[in-house]
Every structure is written in structure tokens, then in C-alpha cells.
Amino acid sequence: MRNLAMLTDLYEFTMSNGYDAVSQDKQGVFDVFFRKIPDNGSFIINAGLQQVVNAVQDFHFNDDDLTYLQSLAIFSDDFIDYLRNFHFDCQITAIPEGTPVFPREPIMSVRGPLIQTQLIETLVLNMLNHQSLIATKARRITFAAQNKPVMEFGARRAQGPDSAIYGARAAVIGGCASTSNVFAAKEFAIPAAGTMAHAWVESFPNELIAFQKWAEIYPDNASFLVDTYDVLQSGVPNAITVFQQLQQAGYNVQGGIRIDSGDIAQLTKQARQMLDDAGLQQIKITVSNALDEQVIQSLLQEGAPIDSFGVGEKLITSASSPVLSGVYKLAAIIDDGQLIPKIKVSANRDKLTLPGVKKTYRLYNSKTKKAFADVIALNEENLQAPLQVIDSNPLSTTSQTTLNDFEAVALSQIVMEQGQSVTELPEVLQIQSYCKTKLAELPTATLRIVNPDAYPVYITQKLADLQNKLIKQHLQ
Ligand SMILES: Nc1ncnc2c1ncn2[C@@H]1O[C@H](COP(=O)(O)OP(=O)(O)OP(=O)(O)O)[C@@H](O)[C@H]1O
Ligand SMILES: O=P(O)(O)OC[C@H]1O[C@H](OP(=O)(O)OP(=O)(O)O)[C@H](O)[C@@H]1O
Ligand SMILES: O=C(O)c1cccnc1
């Protein structure tokens with residue numbers, strides 16, 4: 001595994017160098033949370049925790065790194081020595097990967113020596129922002145696909161190898177059935193899948209020979225790309241010929257065709273008719289070509305008979321909304337054993353932070369078992385009905401609400417203690433199925449991809465009081 005300790009912003013080092021000079025004993029508590037959701041969605045799918053745990057466990061500086069840092073001539077010798085002997089020993093609390101999470105909810109909290117909590121900021125955000133962005137996009141795309149399998153095809157268009165590899169992982173967390181990316185499939189034990197490229201078809205004297213050669217090698221499950229020359233005049237008829245030849249040779253043919261250009265709705269309808277007329281009802285139709293959730297939704301609305309989708313560039317880059325601006329904010333300082341809540345008060349009220357050590361709960365209706373709201377509380381609070389809460393959005397004008405009749409389930413768990421992993425983190429396919437379960441608990445109006453209903457996220461009265469107290473202190 002790569003040591004990523006140097007993948008940080010210079011200011012993490014300059015601040016930590018200063019903290020070191022000020023006090024080695026001070027502890028910090030930082031929260032990771034999001035404010036804005038890509039594509040005007042209402043939630044993100046949390047992803048990337050496993051990579052954060054791996055990275056911080058291996059966080060160290062080698063001689064080469066230290067020589068470079070020393071060469072900048074801005075750090076004290078004590079600080080360089082601190083880095084030489086660096087041992088990550090923070091506590092990390094996190095919401096499990098695959099959970100739908102809402103704005104302002106701490107999806108991860110890091111508590112430990114201030115220098116350490118500061119030094120890992122950039123790396124933590126880099127990993128969580130990227131994977132959560134792609135998992136969220138994949139959820140939108142697979143939601144539009146209405147349970148028809150989506151293959152992740154993006155490696156060639158991803159912004160570099162890491163985006164391809166961890167993007168494929170995140171895509172599967174968000175609902176993709178498989179990936180064409182062999183590295184990711186091997187690394188994360190996710191299904192590898194694919195069809196063929198135009199180059200295969202073009203490399204033979206004609207399309208029929210190309211399909212026949214393919215069928216010789218993969219007779220049980222051949223998937224032909226039918227749009228190299230002409231889908232309806234050549235590709236589909238040649239595919240039908242080869243499927244029938246396989247049947248005559250005694251194979252139980254289970255293959256498919258892929259259409260990668262043109263008007264997909266019209267072409268799939270006609271191709272389906274031609275396959276059915278030839279008695280090939282079992283042959284599946286896959287489509288691809290710059291697909292995203294909007295195109296997929298439109299194709300299915302038009303009644304296009306599609307069995308599966310291959311989705312690349314729009315998914316792996318989250319093209320329509322390519323930034324997830326998750327932040328890492330100081331929530332408290334622990335000085336001499338005393339916890340001092342901290343707040344960021346900005347000219348932009350939207351950027352007001354939630355102070356203190358907190359816990360997020362999902363509230364379920366005790367009869368329907370459906371989730372209907374989340375509540376962010378101070379750690380020591382016990383949520384009991386009737387519960388006085390306030391909208392967590394600082395821009396909201398609505399006042400207090402009282403919540404009755406709920407079952408509150410805490411969303412986060414401790415994943416690291418003193419720098420050591422304390423829970424077995426699940427495999428990617430387990431995370432995917434957990435994600436499906438958590439999505440099914442949400443109101444349907446929250447799940448839709450166009451103008452979803454905002455899901456209520458509240459803060460408790462106690463947390464609101466603490467926030468107001470700190471705002472007053474800072475504005476005095
Ligand atoms: N029936 C349809 N309804 C909505 N969108 C479609 C439909 N058919 C195709 N599209 C989408 O429209 C976009 C453009 O398709 P088009 O076939 O013009 O692609 P292209 O890339 O210009 O063509 P080619 O791949 O042949 O070079 C793609 O995102 C494609 O998935
Ligand atoms: O369109 P995406 O969602 O990214 O899906 C992956 C694309 O990659 C392949 O195309 P290729 O690289 O051969 O280029 P093409 O776009 O000219 O088909 C494939 O045929 C898809 O079109
Ligand atoms: O297997 C495929 O069909 C495939 C893989 C990557 C990109 N486009 C298509």
C-alpha cells in the first residue's frame with residue numbers, strides 16, 4: 001500500500017508545526033460533513049471510509065519525506081522529529097459506507113492530538129469527497145435504471161488511475177452491478193463484466209466473420225457489438241445468424257447484443273422485434289454511449305426494451321455535477337481534559353458550524369418502520385419523545401418542532417481507537433446491499449432524482465442553545 005502522508009496541503013504542516021510549539025497535549029475533535037448535494041439531490045451515499053482507515057493506519061513519514069520538509073526551512077527540528085516518530089493514535093467515529101446521509105450530518109469525527117487531527121484533513125476529504133461523489137452519482141443512475149443492471153465502464157475516461165479504481169468501488173457501492181475495470185474488480189472482489197469493442201469487429205474482413213470468431217471462443221455467452229456498420233441492416237442480422245448457428249451446434253445460447261450509438265430507443269425496439277421474430281427472446285440488449293440518469297430515464301419512459309446499461313464517462317466523473325465539497329471542521333478542543341466546543345461563525349450564515357461532540361440519529365416511525373427525519377444531538381443527550389428540535393439548516397426560517405412517536409437509531413459507530421481499527425469493515429458487495437436497505441427506508445419523495453423532497457434534518461434544542469451561546473460569545 002502507498003503511504004499517502006505527504007498528500008496534504010502545506011498549511012496542514014505549517015499549522016501543525018505551530019500547534020507543536022504551542023502545546024503537544026491539546027486534543028481536537030473534527031467533523032466531516034457536506035452542505036450541498038450534487039445534481040440538486042437530497043442526500044449523498046457515504047463512501048470511502050475503508051480507504052481512510054487504511055491510509056491513516058499507515059500514516060508515516062520516511063527519511064526522504066523528512067529531508068524534503070526540512071529543505072523548506074520553515075519547520076522546527078522538534079516538529080520534524082515529531083513527524084519522524086509519528087504514530088496515529090486518534091479515535092475515529094463514522095457513519096458506515098453505503099448510508100444515505102444528509103447535509104450537515106457528521107459522517108466522520110476524528111478525535112485525538114490536535115496535530116494529528118489536523119494533518120490528516122486533506123487526505124480524509126480527498127477520499128471521502130471522491131468516493132461519496134461517485135457513489136451518489138451511481139445511486140442516481142441505478143435508480144433511473146429501475147433495477148436493470150448497470151455496468152461501470154468508465155476507466156478510460158476517469159481523471160487518472162485512482163479515480164478509475166476507487167470510482168469503480170464507489171460506483172458498485174451506489175448500485176452498479178459490475179465493472180469493466182479489472183484492477184478494481186480484483187482489488188475489491190466485485191464482478192468484472194464486458195462485451196467487445198469496435199476494434200474486434202473491424203479487425204476481421206467483415207462483421208459476420210468477427211461475430212463467428214467471437215462465438216467460437218465464447219459460445220455460451222457471446223455479446224456482440226452491433227453498431228460498427230449499421231445496426232439494423234447488418235449488426236442485428238449478423239448477430240441473429242451467429243446465435244442460430246450456435247443453437248444448431250447444440251448450445252443453449254444466452255448471449256446479448258450491445259448498441260453504442262444512434263437513437264437508442266428506436267434501435268432497441270426494432271432490434272428486440274428482430275430477435276424475437278427469430279425466436280431469440282432470451283438474447284439481452286445492452287446499451288451504452290454517454291449515458292446518464294436523465295438519458296436512461298428518458299429511454300425507459302419511451303419504452304425502450306433494454307436489459308442492461310454500460311455507463312462510463314458521465315458516471316466516473318460525475319459529469320453533470322463534478323464536485324462534492326465535503327468539509328472538515330473543528331467542533332471542539334480538549335485542553336487539560338476539558339472539552340471546549342468550537343464554532344465557525346461566517347458572514348455567510350450557511351457556513352455556520354455545529355459545535356461540540358455530536359451524534360446523528362435516524363428516526364423511524366414505530367409503526368411503518370420508515371425513516372422520516374434525522375436529528376443531530378450532543379453526544380451525551382438521550383433522545384426521548386416528545387423531542388423539541390429545530391431545523392438544522394441555518395438559513396431555515398421555521399422555528400421549533402416537536403417530534404413524537406419515533407424510534408431513534410444512532411448512525412455512527414467507533415471504527416478506530418488509538419489509531420487501531422476496532423471494527424471489521426464490510427466488503428464492497430455487502431456495503432452495496434446495506435445501501436439498498438437504507439435507501440428502502442427513506443420516503444419515496446426523497447429518493448426521486450428530479451426535484452426530490454428535502455428530508456428533514458433537525459438539531460436538538462440543547463445543540464441549538466450551545467450554538468447560539470457560542471455565536472453570541474464571538475459577536476460580542
Ligand atoms: N432515444 C434517445 N433518447 C434520449 N437520448 C438518447 C436517445 N438515443 C441516444 N440518446 C443519447 O443521446 C446522446 C447523443 O447520441 P448520439 O447517437 O447522437 O451520439 P453521438 O456520440 O453523437 O454518436 P456516435 O456515438 O455515433 O458518434 C447520447 O448521450 C445518447 O446516449
Ligand atoms: O460512453 P461512456 O458512457 O463513457 O461508455 C463507455 C464508452 O467507451 C467505449 O467507447 P469508445 O472508447 O470506443 O469510444 P466511442 O465513444 O467512440 O464509442 C464504449 O463503446 C462506450 O461508448
Ligand atoms: O466491455 C465493454 O463493452 C466496454 C468496456 C469499457 C468501455 N466500453 C465498453
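Order of appearance sets the numbers: ligands from 1, and atoms from 1 within every ligand. When a residue number appears, it is its place in the shown sequence, counting from 1.
Put simply, the side chain of W200 does not reach to within 4.5 Å of the side chain of T195, judged on heavy atoms.
Every atom of ligand 2 with a heavy atom of G312 under 4.0 Å away is listed here by number and element: 2 (P), 3 (O), 4 (O), 5 (O). When each atom of ligand 3 is checked for a heavy atom of S180 under 4.0 Å away, the hits are 5 (C), 6 (C). Counting the atoms of ligand 2 from 1 in the order shown, those under 4.0 Å from a heavy atom of A290 are 1 (O), 2 (P), 3 (O). Heavy-atom proximity to T195, at under 4.0 Å, picks out these atoms of ligand 3: 1 (O), 2 (C), 3 (O). Every atom of ligand 3 is numbered from 1 in the order shown, and the set under 4.0 Å from a heavy atom of G194 is 1 (O). The distance from ligand 2 to the heavy atoms of R258 drops below 4.0 Å at these ligand atoms: 19 (C), 20 (O).
The aromatic rings of F224 and F211 lie parallel to each other, with less than 30° between the two planes, well short of the 60° mark. Note: F188 and Y166 have tilted aromatic rings, judged against thresholds of 30 and 60 degrees for the angle between ring planes. Taking the six-membered ring where the residue is Trp, F88 and F59 present tilted rings, their angle falling between 30° and 60°.
Side-chain atoms of T317 and R157 include no donor-acceptor pair closer than 3.5 Å. No side-chain donor from either of R169 and Q50 sits under 3.5 Å from a side-chain acceptor of the other. With hydrogens and angles left out, the side-chain atoms of E121 and Q118 include a donor and acceptor closer than 3.5 Å.
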*Could you check D374 against T360 for side chain to side chain donor-acceptor pair (under 3.5 Å), going step by step and ending with a plain yes or no?*
CA-CA 7 Å; D374 284 6; T360 306; over 6 Å; no

_Evaluation steps, side chain to side chain donor-acceptor pair (under 3.5 Å), between S109 and T93_ = CA-CA 5 Å; S109 298; T93 310; 5.6 Å; no

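Nearest protein heavy-atom neighbour of atom 18 (O) of ligand 2: D260 OD2, 3.0 Å. Here the heavy atom of the protein found nearest to atom 8 (N) of ligand 3 is F153 CD1, 3.6 Å. Summary of contacts: the protein heavy atom closest to atom 13 (O) of ligand 2 is R156 NH1, 3.8 Å.
For a heavy-atom separation below 4.0 Å, the residues in contact with ligand 1 are D260, S261, G262, D263, I264, A265, N289, A290, L291, V295, S298, L299, E302.
A salt bridge links K137 with E293: the closest approach of a Lys/Arg side-chain nitrogen to an acidic carboxylate oxygen falls below 4.0 angstrom. With respect to D350 and R104, a salt bridge is recorded, a charged nitrogen being found less than 4.0 Å from a carboxylate O.
Counting heavy atoms closer than 4.0 Å to ligand 3, residue R156 contributes side-chain atoms (C-beta onward) but none from N, CA, C or O.
Considering only non-hydrogen atoms, atom 7 (C) of ligand 2 lies nearest to R157 out of E152, R157, E313.
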